[in-house]
Structure formats: C-alpha cells, structure tokens
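Written out below as structure tokens is the structure these notes cover.
These numbers come from a predicted model, not from an experiment. The sequence lines fix the lettering, A, B, ..., with proteins before strands; numbering per chain opens at 1.
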There are 2 protein chains.
Amino acid sequence: MSETETSSPKRDHLMATAWRLFYRDGFRAVGIDLILAEAGVAKMTLYNHFSSKEELIVALLEKRDRELRAAMAATVEVAGKSPTKRLLAVFDWLEGWFGSPDFNGCVFIRALSEYPEATHAIHRTAWNHKVAVKEMLAQLCAAAGASNPAGLAETLSLLIDGAIVAAHGTRATGSARSARATAATLLKLAAA
Amino acid sequence: MSETETSSPKRDHLMATAWRLFYRDGFRAVGIDLILAEAGVAKMTLYNHFSSKEELIVALLEKRDRELRAAMAATVEVAGKSPTKRLLAVFDWLEGWFGSPDFNGCVFIRALSEYPEATHAIHRTAWNHKVAVKEMLAQLCAAAGASNPAGLAETLSLLIDGAIVAAHGTRATGSARSARATAATLLKLAAA
DNA sequence: AAGGGAATAGACAGAACTGTCTATTTTATG
DNA sequence: CATAAAATAGACAGTTCTGTCTATTCCCTT
C-alpha cells in the first residue's frame, strides 16, 4: 500500500526495537514509552514518522511480510529444481525457525488474535500476509503438478499455521516434521 | 486444578460477562472496570471471587475447556457408531462453529498469542486445552483403526488449528471443509 | 426478628497509556 | 559558514489501568 515511507536510520532503528519488543511481549502489552526508552529515541521522532501506534504496527507487519516471503522464496530457490523438494523445503525452513532461540509464534496470527475485529487495519494487514503466502504455495503446488493447486495450497496453509501454533505452545519443532510428512503424502496423492 | 471454586449466581454472571467481552475484544483490551460496569457488579465482588484479572482469565479458560470438550464429545456421540463418521463429525461441528454469528477465533490460540511467554499461567492453561483435545482425537483415531493414532491426531490437530485461524481471517467456513476433506483422506490411508 | 455473610458504591493510590506541544540542540547540506 | 530540516528533552493533558479500602446495605437462615 503505502510505499512512500522514506527509509531513515532513526526510523529503521525505531522499527527494529519496536519489532523486538512487540514480538516478545505483544502489541498491547508494550507501550510507546518503553519502545522509545529502549531505542533511545524521542517521542516526537516516532510521531513524525508514524501517525499512531497502530500505523507503526501496520508498517512493521508489512515489513515483516516482505522479509518473510523473501526468505521463503530464497529457501525454495536454494532447494534445487525438483518441484517436490522445493515445496518440502518450506517445511524444513519452518523447522529451523521453530528451533531458533527467539521463536515466539507467528506475529501475524498473534496480530489477528490481539486485534480480532475483521475490519481493523492490523487484522486485515495480518491476514493479507497469510493470503500472499498461500498464493506462493499455490505456485509451488502447480509447479509440482498438483491437479488442484489452490486446494492443495489451502490445505498446506492449514498445516503450516497449525504447526506454528503448536510450536508456540510446545516450544518444540516436532509439529514442523508432522506437517512436512503430511505435505509429502498429500503432494504424492495430488500429483498422481 | 483448582476445583474448590464455589459456584454462585454473581460469580457465574461475572464470568459470563467477562467471557463475552474478552472473546469479543481481547484480554488486554478489556479492562476490569468495563466488565464490572457491563455485569452490574461491584469491584469487590470480583476480587472476593478471584485474586486477580489473570486468575479470572485462567478460570474462564478452564471453564471453556470443559464446555468445549463436552460439546465435542456430544457431537461425536450423536454421529453414530461408525468410527470414521464420528471422527469427521468433529469437522462438521467446526464448520457450524465458524458460521455462527459471534465466532471470533479460538480463545485459546488468542490467549497463547496475547500471553506469548511459555511460563505464563494463561499461556500454559491455553495450551493444556489443545493437548486435551489432541488426546480426544487420538482416541477417535484409535477407534477408527489408525496404525499410528497419536501421529494422526497430531496432524488432525494441525489441520483444526489452521482451519480456525483461517476462519478467523476470512470469516468463512471453507477452511473447515478443506480440513475435513484432508482428514477423510488421511484417515482412509491410515486405516488401510 | 436478629445476626452474619455477601454485595454494594465509590473513593483512592499509583502507575501506565497515547498523543500533543514547545523550546532547544543537533545534524546535514547548500 | 549559514540555513533548514530533523531530533531532542520533557512537560503536559486526559484517560485508563489494576487492585485496595471503607462504610453501608442487602439478603438469607436460623
């Protein structure tokens, strides 16, 4: 949407700090004042770059969306040429993410949860990410010769989001492996 | 855990109001004062029954856990004797839930999200529910003759939680049908 | 009818919240 | 070096938050 945002060091540092605190503790749990104190930035600097806390959160989600999809795309690219391997690489990447020390769930699911109302800007932005990821998956499914790529991508999305929730609840990586195994099974069936 | 809680009309009414507001807007978004005003109850009444807001939330989650599992069990019971039908009835029930007018996601996933820290009482209580549901699913999978009931139950849990997140993002019931179809496929494979 | 436990209203403390404003200083650029 | 833009500290308003306390009133049971 809004790509007029000029990148500046202060702005970037503010966003990095805000991201860290929001992701660790939650959007409503973290106040503006804490972010400013941790970032060592004046309040007016924040309000010169963002008109409200809500807009800051939306900007963070959009940034994270871009980064995450880029990381996914890179993971797929590294996985080689086999369509099956490329698709399953997404699940291996999930497993690595779940195992990383500061994994704390999916910020988009958490945003949907904290701002549950359908019309809320943060809710919609968070869901936009999930739709975009599903479209990426559909591309991969199509490349793998699935008869119904969109349908398979929908199912894989369910598995992925379920696995993220489970990893957040257990702090274990097993759900990624379960999801991967199911994905492999479904892919084999769909490409038959 | 704590089953010493005496049931009283005031307490029940307070919990019903708190549930409605928390589920609609979120735990951190709803203040004690709003609950009290909506319930028409004095502040000391709350603090005579619960030592803190956190304890109120935990009590609500435990109550909802009991109700939800009872509803699931009833759904399964009504579905007849066929193990497959009993298992798939859970997904039909999901679809009905997603379509109900005040569906607003899964309160347990939302609690995990709002209190992301693993050691937090609310986080743990919320995850306990997911574990309990998974165990119910494992029973159903075993009855359906699955070779690895626990493994299948894990996968079905992923599908269910993914479907709930998707329904919260889309306000549509389609994810329940996708999950159901996948569950049916997996069940057929597992019972072979 | 009397006594006791529960509920009440409402003040209160003390902190935290978002967002605004001003006056000053720093920083970058011509 | 000069000027304009950006960032600063910090006060401020006005609200909201959880939890505590007191003094009064309601209601149920004996």
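Phosphate proximity of D:dA7 to A:H49: present, with a side-chain N or O under 4.0 Å from OP1 or OP2. Applying the 4.0 Å criterion to OP1 and OP2 of D:dT8, one finds that A:T45 has a side-chain N or O inside that range.
With contacts defined as side-chain heavy-atom distances shorter than 4.5 Å, the pair B:N128/B:D65 does not qualify. Residues B:K130 and B:S157 have side chains not in contact (no heavy-atom distance under 4.5 Å, counting atoms from C-beta outward). Under the 4.5 Å side-chain criterion, counting only non-hydrogen atoms from C-beta, B:R24 is not in contact with A:P116. Taking 4.5 Å as the limit, every side-chain heavy atom of A:E54 sits out of range of all side-chain heavy atoms of A:F27.
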> How far apart are the C-alpha atoms of A:E95 and A:R177, what are their side-chain angles, what is the distance that settles it, and do they pass the salt bridge (Lys or Arg N to Asp or Glu O under 4.0 Å) test?
Replying inline: CA-CA 7 Å; A:E95 188 178 353; A:R177 300 201 69 84; 2.9 Å; yes
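Rounded to an integer number of Å, the gap from CZ of A:R28 to C1' of D:dT18 is 17 Å. Straight-line distance from the CG atom of B:L56 to the P atom of D:dC17: 15 Å, rounded to whole Å. Taking atom CZ on B:F27 and atom C1' on D:dT18, their separation rounds to 17 Å, with Å as the unit. The NE2-C1' distance, from A:H13 to D:dA7, rounds to 14 Å in whole Å.
Residue-to-nucleotide proximity on DNA chain C shows that, of B:S8 and B:K43, the 5′-proximal contact is made by B:S8. Residues A:M44 and A:V30 both approach DNA chain C. Their nearest nucleotides, taken by heavy-atom distance, put A:V30 toward the 5′ side.
Only B:G31, B:I32, B:D33, listed by number, bring a heavy atom of residues 31-39 of chain B to less than 4.0 angstrom from any atom of DNA chain D.
With ring centers used as reference points, A:F108 lies under 6.0 Å from A:H129.
Judged purely by distance below 3.5 Å, without hydrogens or angles, the side chains of B:N48 and B:R11 never pair a donor atom with an acceptor atom. Using modelled atom types and a 3.5 Å distance limit, the side chains of B:E117 and B:T119 yield a donor-acceptor pair.
Closest approach of A:A79 and A:A89 over heavy atoms only: CB-CB, 3.5 Å.
Along DNA chain C, the stretch of nucleotides lying under 4.0 Å from any heavy atom of chain A spans, 5' to 3', C:dC17 to C:dT22.
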